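In what follows, a structure is listed as structure tokens, so that the remarks can point back to it.
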Amino acid sequence: MSGNHDVAVEIANLPDAVRGHEDIKPGNVAAYRDALTEALQRFRTPAKAGESW
């Protein structure tokens with residue numbers, strides 16, 4: 001359970017990374033989307049006991 005909890009907290013904190021103005025923000029949004037996609041995949045298929053990402 002703690003594995004999913006850790007990933008859920010990570011997902012909840014991702015929007016904090018979307019900062020910046022003008023030319024900077026689109027890059028941060030792209031990085032957010034990539035990180036969210038990867039984190040959601042880990043959340044939906046948690047590692048088995050003894051495995052780690």
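Just so you know, these numbers come straight off a predicted model, no measurement behind them. Numbers for residues simply follow the sequence, beginning at 1.
Here the OG1 atom belonging to T37 is positioned 9.0 Å from the CD atom belonging to Q41, to the nearest 0.5 angstrom. The NE2 atom of H5 sits 10.0 Å away from the CZ atom of F43 when rounded to the nearest 0.5 Å.
Nearest heavy-atom pair across A39 and V7 is O-CG1, 3.3 Å. Scanning all heavy atoms of the two residues, the minimum distance from Y32 to P15 falls at CE1-N, 3.8 Å. Shown here for A35 and L14, the closest heavy-atom pair between the two residues is CB-CD2, 3.8 Å. The minimum heavy-atom distance between V18 and K25, with the atom names listed, is CG1-CE, 3.8 Å.
You'll find the side chain of D6 stays beyond 4.5 Å of the side chain of E10, heavy atoms only.
Other residues, nucleotides and ligands place no more than 12 heavy atoms under 6.0 Å from the CG atom of D23.
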